[in-house]
Amino acid sequence: MDSLQQRSSTVQEPPGAVPAYRPTPPPAWQPRTDPAPLLPDAEPLRVLGTDAVADADPALLLRLYAELIRGRRYNTQATALTKQGRLAVYPSTTGQEACEIAAALVLEERDWLFPSYRDTLAAVARGLDPVQALTLLRGDWHTGYDPHEHRIAPLCTPLATQLPHAVGLAHAARLKGDDVVALAMVGDGGTSEGDFHEALNFAAVWQAPVVFFVQNNGFAISVPLAKQTAAPSLAHKAVGYGMPGRLVDGNDAVAVHQVLTEAVARARRGGGPTLVEAITYRIDAHTNADDATRYRAAGEVETWRAHDPILILERELTERGLLDEDGRRAAAEAAETMAAELRERMNADPVLDPMDLFSHVYAEQTTQLREQAAQLRAELEAEGEA
């Protein structure tokens with residue numbers, strides 16, 4: 001039997017003949033990348049409430065706290081503006097402020113932030129005027145600020161379209177020799193879009209200095225994560241593209257800041273992209289136009305309220321003697337001052353020029369655009385005479 005098997009598996013080839021095809025990979029085949037270092041940890045990284053918090057910089061803890069208080073007040077004020085008719089829509093980040101603030105603070109001035117439509121707070125924390133950040137949601141302009149001046153890409157409502165843009169900018173910056181990192185933010189729903197996968201693939205192949213930051217807040221409008229993916233975590237998706245995936249507690253502001261800082265530093269020194277998934281929760285509805293009670297239980301929301309990013313950081317600061325009533329009062333008053341100014345400015349009716357419709361479409365207007373502008377100008381003049 002052994003002799004028969006040997007004869008059947010041996011091809012007798014005459015001298016000079018073309019070797020017979022053997023359907024097995026060559027011995028030199030091996031994985032392009034060792035997957036082990038790319039895999040995320042089994043549990044999200046936490047710092048607050050662990051021994052690791054002893055190494056945290058007190059100044060950073062206090063700054064994070066002040067920004068979280070300000071961010072929460074920004075969210076509540078913007079939500080109120082929708083009820084007053086001053087905003088058409090507002091996608092709140094209440095409960096996700098730790099992600100928003102950390103994303104803004106880890107970047108250098110020369111770096112770029114690529115936000116999703118929900119990330120107005122991240123833009124404000126990076127230094128953007130709150131009114132300018134809300135201009136898109138007010139319906140006045142598509143972008144109420146100069147992206148090049150602030151190094152913040154335009155806020156946009158299409159899901160995940162900003163991710164390939166971030167990769168392109170980061171790759172171009174590296175080719176030019178500019179020391180720039182792009183941080184692109186996206187929700188868990190955006191990871192189901194084709195742009196997400198294309199961006200990760202290009203970024204890994206080019207080793208572009210970009211960080212993909214997924215805020216997994218549990219729902220893509222009304223669709224829970226379990227109906228979007230069967231992966232162990234969204235961070236695991238990084239391995240398929242050849243980049244490391246990191247998993248972090250998105251309500252632990254210190255942990256999020258640490259993981260993003262490491263990812264940005266890795267990208268800046270030429271280590272390529274990283275996918276960071278932050279496990280957080282959207283306390284408010286998807287937007288003011290959504291009824292979240294139709295797809296999630298009140299008990300689920302209350303469970304997450306107990307893991308509020310402000311509460312767990314405030315507890316740590318209090319226990320360490322870094323925060324007292326005066327400190328809480330000062331943070332709250334600063335946030336209220338910001339909200340009052342935002343409210344006053346948003347309550348003023350904007351002065352809009354209909355001719356601005358044609359001002360920023362092309363660098364040089366086309367013939368058709370000039371004809372349309374002339375037609376609108378004539379109609380406006382006729383209305384004015386009437």
Side-chain angles (χ1 to χ4, degrees), residues 41 43-76 93-109 111 113 119-128 130 181 183 185 211 213-217 246-266 268 274 276-281 283 304-339:
D41 294 332
E43 293 291 331
L45 176 70
R46 296 180 178 88
V47 173
L48 294 174
T50 73
D51 294 340
V53 75
D55 299 326
D57 180 6
L60 173 62
L61 296 179
L62 289 170
R63 184 182 182 190
L64 287 171
Y65 177 76
E67 291 290 347
L68 288 177
I69 295 296
R70 182 171 178 262
R72 179 63 55 84
R73 188 64 185 90
Y74 169 83
N75 271 314
T76 57
T93 52
T94 297
Q96 301 177 217
E97 291 95 345
C99 296
E100 299 284 307
I101 299 304
L105 296 188
V106 299
L107 296 176
E108 300 289 342
E109 185 176 351
D111 296 331
L113 178 69
D119 301 317
T120 54
L121 175 54
V124 170
R126 184 157 167 77
L128 184 63
V181 173
L183 192 154
M185 306 179 71
V211 176
F213 184 33
V214 179
Q215 295 179 82
N216 179 2
N217 63 21
R246 298 295 308 277
L247 195 58
V248 63
D249 182 343
N251 287 18
D252 185 332
V254 184
V256 178
H257 188 277
Q258 176 181 316
V259 170
L260 289 180
T261 296
E262 293 169 354
V264 168
R266 179 177 181 273
R268 200 182 305 281
T274 302
V276 177
E277 177 189 0
I279 307 299
T280 183
Y281 194 78
I283 294 295
W304 275 95
R305 287 188 189 278
H307 194 59
D308 185 288
I310 294 177
L311 293 180
I312 60 177
L313 180 55
E314 188 174 74
R315 185 182 302 117
E316 180 65 37
L317 290 170
T318 302
E319 291 177 355
R320 295 179 62 175
L322 297 173
L323 183 68
D324 55 17
E325 282 303 320
D326 289 339
R328 292 187 185 88
R329 188 180 304 109
E333 289 175 353
E336 192 57 46
T337 298
M338 176 276 301

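The residues of the chain are indexed from 1 along the displayed sequence.
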Pair Thr280-Asn217, side-chain donor/acceptor within less than 3.5 Å: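 No, no side-chain donor-acceptor contact under 3.5 Å.
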
Residue pair Tyr74 / Thr120, side-chain donor-acceptor N/O under 3.5 Å: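 Per modelled atom types, Tyr74 and Thr120 side chains form a pair under 3.5 Å.
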
Partner set under salt bridge (charged side-chain N to carboxylate O under 4.0 Å, His left out) for Glu262, not counting sequence neighbours: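 Residues passing salt bridge (charged side-chain N to carboxylate O under 4.0 Å, His left out) with Glu262: Arg246.
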
Straight-line distance of Glu100 CD to Leu121 CG, nearest 0.5 Å: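 Interatomic distance, Glu100 CD to Leu121 CG, rounded to 0.5 Å: 5.0 Å.
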
Main-chain N/O of Ala278 paired with Asn216 side-chain donor or acceptor, under 3.5 Å: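 Flag not set: sc Asn216 to bb Ala278 has no pair under 3.5 Å.
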
Asp308 side chain to Ile310 backbone, donor-acceptor under 3.5 Å: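 Looks like yes, one N/O pair under 3.5 Å.
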
Extract all donor-acceptor atom pairs below 3.5 Å that involve side chains of residues 315-322 and protein atoms in other chains or at least two apart in sequence.
unit_1: Thr318; atom_1: OG1; unit_2: Glu314; atom_2: O; d: 2.8
unit_1: Thr318; atom_1: OG1; unit_2: Arg328; atom_2: NH2; d: 2.7
unit_1: Arg320; atom_1: NH1; unit_2: Val53; atom_2: O; d: 3.1

Over 12 foreign heavy atoms within 6.0 Å of CG, Asp51: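 Result for CG/Asp51: open.
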
Which heavy atom of [X] sits nearest to which heavy atom of [Y], and what is that distance?
| X | Y | result |
| --- | --- | --- |
| Asp249 | Asn251 | OD1-N, 2.9 Å |
| Gln215 | Cys99 | OE1-CB, 3.3 Å |
| Val276 | Ala263 | CG2-CB, 4.3 Å |
| Leu61 | Ala56 | CD2-CB, 4.0 Å |

Pairwise side-chain contact, Ile69 with Glu97, heavy-atom cut-off 4.5 Å (strictly under):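 They are not in side-chain contact.
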
